[in-house]
Amino acid sequence: MRYWLMKSEPESFSIDDLKNCKNSTEHWDGIRNYQARNFMRDDMVIGDRVLFYHSNTDEPGVVGIAEVASEPYADYTAFDSGSKYYDRQSTKENPRWVMVDIRFVEKFDRTVTLKEMKSMYNLAGMKLLQRGNRLSIMPVGKNEFETIVSMSKEF
DNA sequence: GCCAACGTTGGC
DNA sequence: GCCAACGTTGGC
């Protein structure tokens with residue numbers, strides 16, 4: 001099993017929104033970055049655990065856990081000329097962008113904030129914390145995943 | 001709202 | 001293939 005971190009702006013799609021989806025599952029559309037796409041396309045496996053991260057908000061941080069719930073498949077928002085994710089170079093015959101389904105697993109009792117994570121010596125290697133990182137999907141180490149989960153249980 | 005950092009685009 | 005211009009991300 002692999003571990004991931006996926007960012008979402010809570011004003012557009014929060015962990016509560018995910019929980020409230022049908023079957024607490026939603027497709028993760030709109031990824032238009034090749035590195036992030038490649039992670040979904042090449043490395044994600046059903047059942048992989050995902051740290052759900054809220055970005056662009058008052059208190060950025062990890063708010064809970066989700067899991068990968070499908071194989072990768074074509075991101076159909078790229079075919080829709082009315083969508084803000086439309087990409088005329090992505091065709092049904094040869095889709096450029098993919099997505100996976102994500103299922104809610106649990107919401108933390110509290111947010112593990114970016115600030116806290118920065119202060120943890122054993123999280124210093126996290127991609128999330130590297131200078132200038134803007135990836136919205138990134139791999140996370142098992143130890144890092146478990147450290148963050150245990151931080152969520154401490155007050 | 002600002003701005004640093006980064007990815008993408010396109011002219012050459 | 002270089003690189004300037006531009007757009008986006010996301011913390012602050």
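Here is how names work: the chains are called A, B, and so on, in the same order as the sequence lines, proteins then strands, and each is numbered from 1.
Between the A:Asp48 side chain and the A:Met44 main chain, no donor and acceptor come within less than 3.5 Å of each other. Of the possible donor and acceptor atoms, one in the side chain of A:Arg32 sits under 3.5 Å from a partner among the backbone N and O of A:Tyr85.
Between A:Leu114 atom CG and C:dG10 atom C1' the separation is 10 Å, expressed in whole Å. With rounding to whole Å, A:Leu128 atom CG is found 10 Å from C:dG10 atom P. Atom CD of A:Gln35 is separated from atom P of B:dG7 by 7 Å (rounded to the nearest Å). Counting to the nearest Å, the P atom of C:dC12 and the NZ atom of A:Lys115 are 9 Å from each other. Rounding to whole angstrom units, NZ of residue A:Lys84 and C1' of C:dG7 are separated by 14 Å. One can place CG of A:Asn38 at 13 Å from P of B:dG7, the figure rounded to the nearest angstrom. One can place CG of A:Asn56 at 7 Å from C1' of C:dT9, the figure rounded to the nearest angstrom. Rounding to whole angstrom units, CG of residue A:Asn133 and P of C:dT9 are separated by 13 Å.
Salt-bridge check for A:Asp16 with A:Lys107: passed, with a basic side-chain N closer than 4.0 Å to an acidic carboxylate O.
Residue A:Lys118 is classed as a sugar-phosphate contact, given heavy-atom separations below 4.0 Å to backbone atoms only. As judged by a 4.0 angstrom heavy-atom cut-off over every strand, A:Leu135 is placed among residues touching the sugar-phosphate backbone only.
Checking C:dC12, B:dT8, C:dG10 against the side-chain heavy atoms of A:Tyr34 singles out B:dT8 as nearest. Of the candidates B:dC6, C:dC12, C:dG10, the closest approach to any side-chain atom of A:Arg134 belongs to B:dC6. Across B:dA5, C:dG10, B:dT8, the shortest atom-to-atom separation from the side chain of A:Arg131 is found for B:dA5.
For the 3.5 Å distance criterion, the side chains of A:Tyr76 and A:His27 qualify, holding a donor opposite an acceptor.
In this structure, A:Trp28 and A:Phe52 have perpendicular ring planes: the angle between them is above 60°, well past the 30° mark.
For the OP1/OP2 pair of C:dG10 and a distance below 4.0 Å, the side-chain nitrogens and oxygens of A:Lys7 include at least one atom meeting the criterion. Note on A:Tyr53: a side-chain N or O is less than 4.0 Å away from OP1 or OP2 of C:dG11.
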